[in-house]
Student: 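Attaching a single structure in structure tokens format; questions to follow.
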Amino acid sequence: MSQTPKDKLMRVEIHTMAGSPLVLEDVSAFNVLLSDGGWLGILPGHTNLVAATVDGEARYTVGEEQLTRYISSGILSVADNVISILTTK
């Protein structure tokens with residue numbers, strides 16, 4: 001299978017009050033649960049966005065691998081293929 005060019009991948013940064021951010025590199029798809037109860041799917045090139053998230057699993061793809069990570073509720077922003085989530089936990 002062909003690989004996605006680096007400029008078509010995303011970086012995810014999860015910032016908490018607890019310390020250093022968790023950084024996920026080379027993400028090709030990211031899904032998160034929003035405060036309205038719906039899922040938001042983000043692909044490279046997504047338009048700029050700010051949204052509220054709730055506690056739950058974030059699902060993401062790196063290469064051919066589908067992964068999950070629990071995140072606390074917070075504020076998500078998307079700009080220039082960087083997804084930032086600010087949480088309190």
Student: In Å and rounded to the nearest 0.5 Å, what is the OG1 to CG distance from T61 to D26?
Tutor: 12.5 Å
Student: Short question: side chain of D80, backbone of V82 - any donor-acceptor pair under 3.5 Å?
Tutor: no
Student: Are L67 and L40 connected, step by step, through hydrophobic side chains (Ile, Leu, Val, Met, Phe, Trp, Tyr) whose heavy atoms are closer than 4.5 Å?
Tutor: yes
Student: Report all side-chain donor-acceptor pairs from residues 41-52 shorter than 3.5 Å, counting only partners two or more places apart or in another chain.
Tutor:
none

Student: With rounding to the nearest 0.5 angstrom, report the CD to OG distance, E65 to S28.
Tutor: 11.0 Å
Student: Within this structure, what is the OG1-CD distance for the pair T68 and E57, rounded to the nearest 0.5 Å?
Tutor: 4.5 Å
Student: Can you tell me if T53 uses its side chain to pair, donor with acceptor, with the backbone of L34 under 3.5 Å?
Tutor: no
Student: So which atom in F30 and which in L76 form the shortest heavy-atom distance, rounded to 0.1 Å?
Tutor: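 Nearest heavy atoms, F30 then L76: CE2-CD1, 4.3 Å.
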Student: Could you tell me which non-hydrogen atom of G38 sits nearest to which non-hydrogen atom of L33, and how far apart they are?
Tutor: O-CD1, 3.5 Å
Student: From I85 CD1 over to I75 CD1, what is the distance, rounded to the nearest 0.5 angstrom?
Tutor: 10.5 Å
Student: Closest approach of I71 and A58, non-hydrogen atoms and distance?
Tutor: CD1-CB, 4.2 Å
Student: What is the minimum heavy-atom distance between Y60 and V27, and which atoms define it?
Tutor: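 The answer is CB-CG1, 4.0 Å.
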Student: Under 3.5 Å, side-chain donor or acceptor atoms of residues 14-25 against the rest of the protein: list the pairs with distances, not counting sequence neighbours.
Tutor:
residue, atom, partner, partner atom, Å
H15, NE2, E13, OE1, 3.3
T16, OG1, A18, N, 3.2
E25, OE2, R11, NH1, 2.4

